[in-house]
Q: 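One structure coming up, written as structure tokens, with questions to follow.
For reference, positions follow the sequence shown, starting with 1. Model, not experiment: these values are computed from the prediction. Just so you know, these numbers use all the heavy atoms, side chains as well, and skip hydrogens, waters and symmetry mates.
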Amino acid sequence: MPLVRPELTAPATGVRTTWLGHSTALVELEGGTVLFDPVWSDRVSPVALVGPKRLHPVPVDLAELPPVDAVVISHDHYDHLDTATIKAIAARWPKTRFVTPLGVGAHLQRWRIPASRIDEVDWTESVTVAGLTLTATAARHFSGRVRPGSNGTLWAGWVVAGTAHRVFYTGDSGYFDGYREIGRRHGPFDVTLIQIGAYSHLWPDVHMTPEEAVAAHRDLRGELLIPVHWGTFALAGHSWSEPIERLLAAADGLRVAVPRPGQSVTDVPTTDSWWREIA
């Protein structure tokens with residue numbers, strides 16, 4: 001896997017998005033830094049020795065990241081909420097806030113993260129961190145860690161809004177008409193981070209196909225699409241590169257950036273078919 005060690009020392013101007021594999025992305029926007037769904041563990045499972053294993057190393061150690069203002073969690077599945085990573089972040093950056101959908105904060109409190117560092121919100125509710133407004137939006141998914149589908153906690157997409165720039169992150173979601181309303185109310189977006197992998201005809205309502213990801217990007221009034229939730233863990237029966245090939249075939253002139261894991265994207269789309277070099 002052609003990993004890239006991100007260069008994050010110079011301050012970002014505008015929006016800088018660094019894909020770190022799967023759904024983990026670092027967004028720097030107007031002086032604030034947001035880390036979505038951080039996962040640094042080798043497996044996404046309740047058991048350390050079994051479950052989906054990482055197909056490539058994490059491109060950068062946590063210690064090499066700039067201080068993070070907010071860790072934003074979309075839902076509590078193991079490939080989005082990683083115990084070891086959350087504990088490490090809480091210890092490394094005492095001022096980092098954790099922003100979650102309703103109920104997810106209870107997991108963090110069990111891991112000894114003080115409630116004073118956690119903001120739990122419902123769909124349409126917002127919090128402000130480092131001058132950025134973080135708004136939870138509706139999504140079509142489910143939740144549950146020990147008992148998947150128990151739905152004891154909420155799941156969400158997220159808007160990150162500054163004064164002049166906006167980013168949208170889908171988390172995990174099936175396609176639904178609500179993206180048009182999100183685009184109308186909160187868009188347009190400089191960047192959309194949209195889930196494209198781990199789809200199947202067996203679960204059409206909870207994960208988008210690549211073609212549906214394109215439709216969501218259009219509904220959201222996005223400028224640049226950066227695909228996530230692919231390439232790092234094998235979570236469905238499709239081939240490793242199928243999601244990105246289908247996305248690009250459906251993109252039809254849209255601006256799409258496909259960074260290598262660890263690569264940052266600013267204004268110039270990065271699409272050089274690097275994944276086709278991998279056997």
Q: Quick one: are Arg117 and Thr96 in side-chain contact, heavy atoms under 4.5 Å?
A: yes

Q: Do we see a donor-acceptor contact under 3.5 Å between the side chains of Asp205 and Tyr175?
A: no

Q: Do the charged groups of Arg166 and Asp190 touch, with an N to O distance under 4.0 Å?
A: no

Q: Just by distance, with hydrogens left out, do His141 and Ser173 show a side-chain donor and acceptor under 3.5 Å apart?
A: no

Q: When you check the side-chain N and O atoms of Ser41 and Tyr78, is any donor under 3.5 Å from an acceptor?
A: no

Q: With heavy-atom distances below 4.5 Å as the criterion, would you say the side chains of Thr83 and Trp111 are in contact?
A: yes

Q: Hey, would you say the Tyr199 and His238 ring centroids sit under 6.0 Å apart?
A: yes

Q: Taking the six-membered ring for Trp and the single ring otherwise, decide whether the centroids of Trp240 and Trp230 are under 6.0 Å apart.
A: yes

Q: How about Val68 and Pro38: do any of their side-chain heavy atoms sit closer than 4.5 Å?
A: no

Q: Any heavy-atom pair between the side chains of Ser74 and Val72 that's under 4.5 Å?
A: no

Q: Output side-chain donor-acceptor pairs under 3.5 Å for residues 19-27, partner residues at least two apart or in another chain, one line each.
A:
unit_1	atom_1	unit_2	atom_2	d
Trp19	NE1	His22	O	2.7
His22	NE2	Asp79	OD2	2.8
Thr24	OG1	Asp37	O	2.7
Thr24	OG1	Val39	N	3.1

Q: Give me the ring orientation class for His80 and His229: parallel if the planes are under 30° apart, tilted from 30 to 60°, perpendicular past 60°.
A: parallel

Q: Hey, would you say the Phe142 and His77 ring centroids sit under 6.0 Å apart?
A: yes

Q: Carefully, step by step, assess Arg97 and Val127 under the rule side-chain contact (heavy atoms from CB on, under 4.5 Å).
A: CA-CA 11 Å; Arg97 299 200 63 78; Val127 297; over 6 Å; no

Q: With a 4.5 Å heavy-atom cut-off, do Tyr169 and Phe189 have their side chains touching?
A: no

Q: Pairs under 3.5 angstrom only: tabulate donor-acceptor contacts from the side chains of residues 84-94 to other protein residues two or more places apart or in another chain.
A:
unit_1	atom_1	unit_2	atom_2	d
Thr85	OG1	Trp40	N	2.8
Thr85	OG1	Asp82	OD2	2.3

Q: What are the two closest non-hydrogen atoms of His207 and Gly197, and how far apart are they?
A: ND1-O, 4.0 Å

